[in-house]
Every structure is written in C-alpha cells, then in structure tokens.
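These figures come from a predicted structure and were not determined experimentally.
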Amino acid sequence: MTLTTTPQTLALKAPPPTSPRTIGEKNRRANRNQRLLLTHIQQRAQQLWGQHVHVTHYEPLSERLSSVARIGLSSANGPDTNSPATLIVKHLPLANYPASCTAELTQELREEHVCYTFLHQVRDQFPLFAHCYAFDNRGFLLLEDLQPEPQPATEEHLMVLAERLANTLARLHLATFNKRSDYQHLRQHADLPTPGQDPRAYSLAAHRRRYRLGAATLKDYCSILGVALPASFNAHIDLIETEMENPGQFHCFVHDDLANARQVIARHHAFYLIDFENAKYSHALLDLCKPLAGKFEMLIDSGEFFYANPNFPQAFIAIYRRTLAQAGRSYPDDLWDAALTHAVLYHGVALVGKLIEISADRRLRKPFAFDLQTIIGRHLQLVDPLFTYSPITDVLQHLWLRLNQQPLTAEPTPAFL
C-alpha cells in the first residue's frame with residue numbers, strides 16, 4: 001500500500017440560484033408523486049390485510065438517503081382488525097418516485113430489504129428490530145411502527161443507555177455468527193454488488209479507501225510536525241487492515257451506523273434497531289467503535305459536518321463481552337485485547353480519512369485541527385487500558401502531543417440522545 005496525500009481544504013462552491021418557476025415545478029411533481037406513492041401503499045396494505053384497509057395520512061419523519069414517513073391506516077370494518085393503525089414507510093425521494101426498474105432503486109433501499117429478510121430468518125434469536133411487511137420494487141419498504149415509549153421525566157444515565165445498546169449488539173452478533181453464507185446468498189439473489197464493489201457510504205470499499213487516506217494523512221502530518229515514524233509503520237497499517245477485513249471468529253452481521261439515537265427505538269427497557277441500510281457482515285468489534293468514538297454527522301439546516309461522539313464509557317465494552325460470554329462465546333484476554341486494539345485503531349485512522357474527504361469539498365463546523373486532535377485523543381483513551389502494543393498507538397500519541405501544543409479553544413459536543 002502506497003501512502004501519499006496532501007492535506008488541503010478547498011472552498012465550498014455555492015449552488016446556482018433556483019428560479020421560483022423551477023421550485024414550483026418541483027413541488028407539483030413531488031405532490032403528484034406523493035399521491036401515487038400513497039395509492040401504491042394502499043394497494044399493498046389491502047393485499048396484506050384486506051380491501052377494507054385505507055391510507056388516512058402521511059406524516060414525514062426524515063429526509064436522507066431515503067425518505068421516511070409514518071402512514072396512518074383505517075378499516076371500514078372498524079378497529080377490530082388485524083391491520084396496524086400505523087406503518088413506517090421508507091421510500092425513494094419523491095422527486096425520483098416511482099422507479100421503473102431495479103437500476104433506479106437506491107443501493108441502500110435494496111440492501112435494507114435484504115437485511116430485513118435475513119434478520120427475519122434469525123428472529124427467534126434476535127427479535128429487536130421492526131417487522132418488514134413488504135418491499136415494493138417501485139421504491140418503498142413497509143415496516144412495523146415501533147412507537148417508542150414516552151421519554152422519562154429525567155434523562156437516563158449514560159450507563160443505562162450503554163448497557164441497553166451493549167446487550168442489543170451482543171444479541172445481534174450472537175444470532176448471526178456463522179451465518180454469512182445465508183446473508184451472501186440473499187445478496188446474490190438480489191443481484192447486489194460484491195463487498196469490494198459496494199458503493200454505500202460504509203461499505204468495505206469505502207472503509208478501505210478512508211483507512212488508506214487516513215493512514216497517508218497521519219504520515220504527512222507526522223512529517224509536517226516532526227514526529228518520527230517507525231520503519232514498520234506501513235507494515236502495521238497493513239496488518240490492522242488485513243485483520244479487520246478477515247475477522248475470523250469475530251465475523252458477524254453488524255449494523256455499522258450506531259452513533260446517535262436515530263437508529264434505536266427504546267421499548268420494554270431494551271433498544272430495538274432500525275435503519276439497516278449500511279449493515280453488512282464485518283468485524284463484530286467495529287460495531288462497538290461508533291458508540292465509543294463517534295462518526296461525522298451533517299447538520300441538515302446548514303450542511304455543516306461535525307464530529308459527533310457519544311463517548312460511551314469503557315463499561316460498554318465490558319457489558320458487551322460479558323453478554324457474549326454468558327451465551328457461551330468467550331475470548332481469551334490476549335485475543336480480545338488484540339482484536340479490540342486493532343478495531344479501535346482501524347476506526348480512528350479511517351475517521352481521519354473521512355475528515356480529509358469532508359474538508360476537501362464540504363464545510364466543517366469546527367476547525368480541522370480541532371477535529372483531528374479530538375479524534376486522535378478519543379481513540380488513544382480507548383486503547384490505553386488494553387495490553388496489546390502497536391507502534392501505531394505510539395505514533396498517534398506523539399502526534400496528539402504536538403497537536404495539543406496548538407491554541408485550541410472550541411469544545412466537543414458529545415451526544416447520543
């Protein structure tokens with residue numbers, strides 16, 4: 001692997017102005033497509049629960065890669081019916097609805113359908129997710145509305161949240177170890193790309209690109225700031241990458257996007273998982289890294305990116321490991337420490353790569369140097385209690401000390417809820 005890059009920040013170009021006539025045309029098309037979508041949803045609902053079922057309302061919830069809304073249903077037969085009162089629909093953006101062929105569906109929507117199909121096969125072992133009622137190749141998924149419980153009067157302690165999420169992730173992983181062939185068969189049947197060709201934001205290919213860019217960036221900044229690199233730097237970077245891409249007994253189905261409350265629903269003192277558009281088979285411990293060390297998020301209103309770190313405590317790791325062990329899946333301390341050390345370092349280096357990608361054509365909410373220092377510092381905190389030595393840790397420690405000499409006044413904003 002060749003590690004070369006030049007850290008830089010390019011100016012963000014303003015989009016061309018949109019005329020009122022164009023805006024009006026877009027709104028009319030969106031309204032027309034929404035009516036068509038609701039007609040199609042009602043058709044599917046009637047196939048599932050009978051001709052007496054009708055759509056009553058559409059409540060938008062979010063607009064990201066897919067649009068998400070709550071759908072109200074009513075029945076001419078009254079409330080005593082098998083149909084739910086509400087559904088969650090994930091669909092193509094209204095501007096692109098309906099799809100006329102598979103190629104017009106988003107990768108994420110197709111992947112999520114496969115993920116739900118796979119999870120239904122292991123529902124006896126892992127029931128903490130929404131039921132998928134239907135997938136329509138015109139561009140929508142109909143999902144169970146998990147109606148979260150009311151928020152408690154006082155904010156729950158971070159340890160309570162950490163324990164719930166650790167138990168949920170452990171149960172997901174325990175249910176999917178040694179089932180990769182079932183998942184791969186579903187992806188192949190859906191004609192989805194191989195992991196190396198997967199275009200999603202958190203695919204193997206994307207992780208690999210960001211990890212290598214992050215490693216090259218660290219190397220460049222060490223040169224700029226006078227931090228000596230060991231001769232084995234490249235070899236250890238390659239070693240970590242190889243271990244994460246070949247997880248062995250840590251190989252399982254991972255959610256890979258758990259850094260905020262959008263992807264979980266609190267019910268019955270447990271966390272239910274939603275939003276599986278970035279899920280895949282990968283290293284189990286990578287699923288712990290985002291709750292522990294965060295990811296970049298975008299502010300919808302401003303388009304700015306910021307480093308969002310839930311800062312889950314170290315006990316989160318211990319609870320996850322204990323839950324695995326109670327189910328009969330335990331790891332020797334040396335194997336566990338080595339795997340966790342490499343997972344944390346891999347996540348940190350890839351996050352530096354993501355920082356470079358964002359700074360090249362997007363706006364950062366905080367100064368670049370602040371984000372770089374904060375990312376490195378948090379990952380050093382996580383590997384400090386572990387007993388596995390890596391020269392990459394030494395490099396990060398020295399680089400963090402040099403960055404810490406700079407006058408930085410901004411404060412991080414860790415938040416999970």
Participant: Measure from the side-chain N and O atoms of Tyr211 to the backbone N and O of Ile237, and report whether any donor-acceptor pair falls under 3.5 Å.
Facilitator: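 Flag set: sc Tyr211 to bb Ile237 pair under 3.5 Å.
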Participant: Does either side chain, that of Thr86 or that of Asp145, offer a donor lying less than 3.5 Å from an acceptor on the other one?
Facilitator: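 Asp145 and Thr86 do have a side-chain donor-acceptor pair below 3.5 Å.
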Participant: Return the orientation label for the Tyr320 and His173 ring planes: parallel under 30°, perpendicular over 60°, tilted otherwise.
Facilitator: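 Rings of Tyr320 and His173: perpendicular, as their planes differ by over 60°.
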Participant: Would you mind checking if Asp136 and Arg44 are paired as a salt bridge, meaning a charged N to carboxylate O distance below 4.0 Å?
Facilitator: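 Yes, Arg44 and Asp136 are salt-bridged.
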Participant: Do the side-chain N and O atoms of Tyr97 and His40 include a donor-acceptor pair separated by under 3.5 angstrom?
Facilitator: yes
Participant: Angle between ring planes, Tyr346 versus His207, binned at 30° and 60°: parallel, tilted or perpendicular?
Facilitator: tilted
Participant: Between Lys90 and Glu112, does any NZ, NE, NH1 or NH2 come within less than 4.0 Å of an OD or OE carboxylate oxygen?
Facilitator: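 Yes, this pair counts.
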Participant: Have His379 and His347 got a donor and an acceptor in their side chains that come within less than 3.5 Å?
Facilitator: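 On atom types as modelled, these side chains qualify, holding a pair under 3.5 Å.
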Participant: Please collect all side-chain hydrogen bond (donor to acceptor under 3.5 Å, both in side chains) contacts where either partner lies in residues 184-195, sequence neighbours excluded, each pair once.
Facilitator: Glu111-Arg187
Participant: Salt-bridged, Asp333 to Arg321, with N to O below 4.0 Å?
Facilitator: yes
Participant: Please check if any side-chain donor atom of Asn278 sits under 3.5 Å from a side-chain acceptor atom of His255, or the reverse.
Facilitator: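 There is no such pair between these side chains.
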Participant: Please state whether the rings of Phe118 and Phe253 are parallel, tilted or perpendicular, taking 30° and 60° as the class boundaries.
Facilitator: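 Judged by the thresholds at 30° and 60°, the geometry between Phe118 and Phe253 is tilted.
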